[in-house]
Amino acid sequence: MALISLRVSDEVAAAFSAVAATQGGKSALLRRLIADALSAPTPRILALPVGRPEKVTVRFRESEMRQLAEVSHQRGMTRTGWIVALVRSRLGSPVQHSPNEHEVLRAIVRELNRIGGNINQIARAANTSVLQGRAVEPDLSVIQEARSVIETELAQLRNALNGNADYWEGRQ
């Protein structure tokens, strides 16, 4: 097995040791961090649109036009807007979200902010208990389960925000 080592300041080492103590030790935490980094999707370099817009004409059959109208209407977008969003997502440009998608994303952000506030309140209560000499015994299995759910939801949100215009198709 290979060995990876690095030098950090004493303060960083102490802080890392404190965090690692709750994560199964320094080696276990480092292994997990490295595995997470390797399994993360490689960041895409988004192509920024340059120049003035130009017109493109595309021909569809009558049945395709009906489908196109229906799908774009379900997403709250015009036919042109929906086609542009799909093409741009395939080119790596930022995706254009429909008004419904914007509202869903705003709701997700609000919920994540509430979760963050709750976590801060829990940490404050735990720190206060420790300062008052009371033992804090968290149920780590519940915390791990909640963390897993949050990580899964965040991964799906990242996928939606990384230019996948049809991500929301099956979600509404």
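Here the closest heavy-atom approach between residue V19 and residue Q23 is recorded as O-CG, 3.3 Å.
For the pair N120/N118, no side-chain contact is recorded, criterion being any heavy-atom separation below 4.5 Å from C-beta on.
Of the inter-residue distances, the one linking R59 atom CZ with T57 atom OG1 reads 7.0 Å to the nearest 0.5 angstrom. Atom CD1 of residue I4 and atom CD1 of residue I34 lie 4.0 Å apart, to the nearest 0.5 angstrom. The distance from the CD1 atom of I122 to the CD1 atom of I115 is 10.5 Å, given to the nearest 0.5 Å. In this structure, CZ in R114 is found 14.0 Å from CD1 in I119, a value given to the nearest 0.5 Å. Taking NZ from K26 and CG from L33, the interatomic distance works out to 14.0 Å, rounded to the nearest 0.5 Å. Interatomic distance, NE2 of H73 versus CZ of R79, reported as 13.0 Å (0.5 Å rounding).
The residues R147 and E151 are annotated as salt-bridged, a charged nitrogen and a carboxylate oxygen being separated by less than 4.0 angstrom.
Counting heavy-atom neighbours within 6.0 Å of R61 CZ, excluding the residue itself, gives a total of 12 or less. A 6.0 Å sphere centred on CD of E62 holds no more than 12 heavy atoms belonging to other residues, nucleotides or ligands.
With R32 contributing its side chain and A28 its backbone, the two residues share no donor-acceptor pair below 3.5 Å. Looking only at distances, a side-chain donor or acceptor of S72 sits under 3.5 Å from a matching main-chain atom of L68.
In this structure, V56 is a member of the same hydrophobic cluster as W82, with clusters built from ILVMFWY side-chain heavy atoms closer than 4.5 Å. L30 and L3 end up in different hydrophobic clusters when Ile, Leu, Val, Met, Phe, Trp and Tyr side chains are linked at under 4.5 Å. In the hydrophobic clustering of ILVMFWY residues, with side-chain heavy atoms under 4.5 Å counting as a link, V58 and I83 come out together.
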- Item | CA sep, side-chain torsions, deciding dist, call: R66, E70, salt bridge (Lys or Arg N to Asp or Glu O under 4.0 Å) | CA-CA 6 Å; R66 282 194 303 271; E70 183 180 322; over 6 Å; no
